[in-house]
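Each remark here refers to the structure printed beneath this line.
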Number of protein chains: 2
Amino acid sequence: MYYLNGKKYKCSVSITMDIFNDRWKLAVIWYLLEKDKRFKELSEDINEISQKTLTLKLKELEEKNIIKREVFAEVPPKVVYSLTPIGLKLKFVLKEMFNWGIEYAKENGKIF
Amino acid sequence: MYYLNGKKYKCSVSITMDIFNDRWKLAVIWYLLEKDKRFKELSEDINEISQKTLTLKLKELEEKNIIKREVFAEVPPKVVYSLTPIGLKLKFVLKEMFNWGIEYAKENGKIF
DNA sequence: CAGGATCCATTACGATACTG
DNA sequence: CAGTATCGTAATGGATCCTG
């Protein structure tokens, strides 16, 4: 039994599902696995996302201690996002999602 | 490059994210990994989900060839859902989500 | 550059009642 | 039992404009 932010979870998998229950958070993690990124870089990586939504998702991930936000006192401003240790461990999840995507495409799509 | 259902994907991970971009599909898979299930069993497993949404998600998963729906001509009706071979392979993803949830709870929650 | 503030459209989801 | 149908709400996300 787990207790987290005022919620109870019977199983640890529910915790993960509960955090990543939207379209974008895992995508952000995916691109942060490449390297630390600035706001604009992320926004170009995930080019379907709006600024507003990206801002929101970054804030949520920071609150949940999954990414870190660093502000550099420069002009123009520079803000760098990176994965925390626990955030970095999501690479195992994403690796399996990557693998499964390939398998799924083999059966149901075209690869070229 | 992948081509699937009229959409292009640069990376296989996007395929997976695109399918499981809602709150419930992965939960359905999770409970089907235990064993084949009837509609009512799933609805009791995931007790926060409404009938309507469960129906919808099962339909979507069936269309995507991830689960199989079998109807038995009985009274009262019996419908059994099971994972297809590709659906079964999601266990690797879910296992990593399970593991990550534990790690996350260790740092950010209470376990008891 | 890195957002904040508004306004608006979509859709996801839930509650309830009903059916073969 | 396994859904459908309908209605209503809440959450999500997008477009645009603005600022330190």
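Values reported hereafter were calculated over all heavy atoms of this structure, with side chains retained and with hydrogens, waters and symmetry mates removed. To find a chain, count down the sequence lines: A is the first, B the second, and so on, and within it residues start at 1.
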Whether A:Y81 contacts C:dC1 is assessed here as follows: a side-chain N or O lying under 4.0 Å from the phosphate OP1 or OP2. Is that the case? no
Of the nucleotides C:dG3, D:dG3, D:dG20, which has the atom closest to the B:V79 side chain? D:dG3
Which whole-number value in Å describes the distance from B:Q51 CD to C:dT19 P? 15 Å
Counting only side-chain nitrogens and oxygens, does B:K40 get under 4.0 Å of the OP1 or OP2 atom of D:dA2? no
With a sphere of 6.0 Å drawn around NZ of B:K10, does it hold more than 12 non-hydrogen atoms of other residues, nucleotides or ligands? no
Can you check whether A:K59 has a side-chain N or O nearer than 4.0 Å to OP1 or OP2 of C:dG4? yes
Nearest-Å distance, CG (B:L54) to P (D:dT4)? 11 Å
Distance check: side-chain N/O of A:K57 vs OP1/OP2 of D:dG13, anything under 4.0 Å? yes
Quick one: does NZ or CZ of B:K8 land under 6.0 Å from the six-membered ring centre of B:Y3, within 45 degrees of the ring axis? no
N or O in side chain of B:R69 less than 4.0 angstrom from D:dG3 OP1/OP2: yes
When the distance from NZ of B:K78 to P of D:dA2 is rounded to whole Å, what number comes out? 9 Å
Where do B:C11 and A:W30 come nearest, in terms of heavy atoms and distance? SG-CZ2, 3.6 Å
N or O in side chain of B:K52 less than 4.0 angstrom from D:dA2 OP1/OP2: no
Would you please confirm or rule out a distance under 4.0 Å between OP1 or OP2 of D:dG14 and any side-chain N or O of A:T53? yes
Once you round it to whole Å, what is the distance between C1' of C:dG3 and CD of A:E41? 16 Å
Which one, C:dC1, D:dC7, D:dG13, comes nearest to the side chain of A:P76? C:dC1
Please report, rounded to the nearest Å, how far the P atom of D:dA11 is from the CZ atom of B:R23. 9 Å
Euclidean distance, atom CZ of residue A:F39 to atom P of D:dG20 [Å, nearest integer]: 18 Å
From the options D:dG14, D:dA2, D:dT4, select the nucleotide whose nearest atom is closest to the side chain of A:W24. D:dG14
Report yes if some heavy atom in the side chain of B:K37 is under 4.5 Å from a heavy atom in the side chain of B:Y31; otherwise report no. yes
I'd like to know if the side chain of A:D22 and the backbone of A:W24 have a donor-acceptor N/O pair within less than 3.5 Å. yes
What's the closest nucleotide to the A:R38 side chain, out of C:dG14, D:dC1, C:dC1? C:dC1
Rounded to the Å, how far apart are B:E48 CD and C:dC13 P? 13 Å
D:dG13 C1' sits how many Å from A:D22 CG, rounded? 11 Å
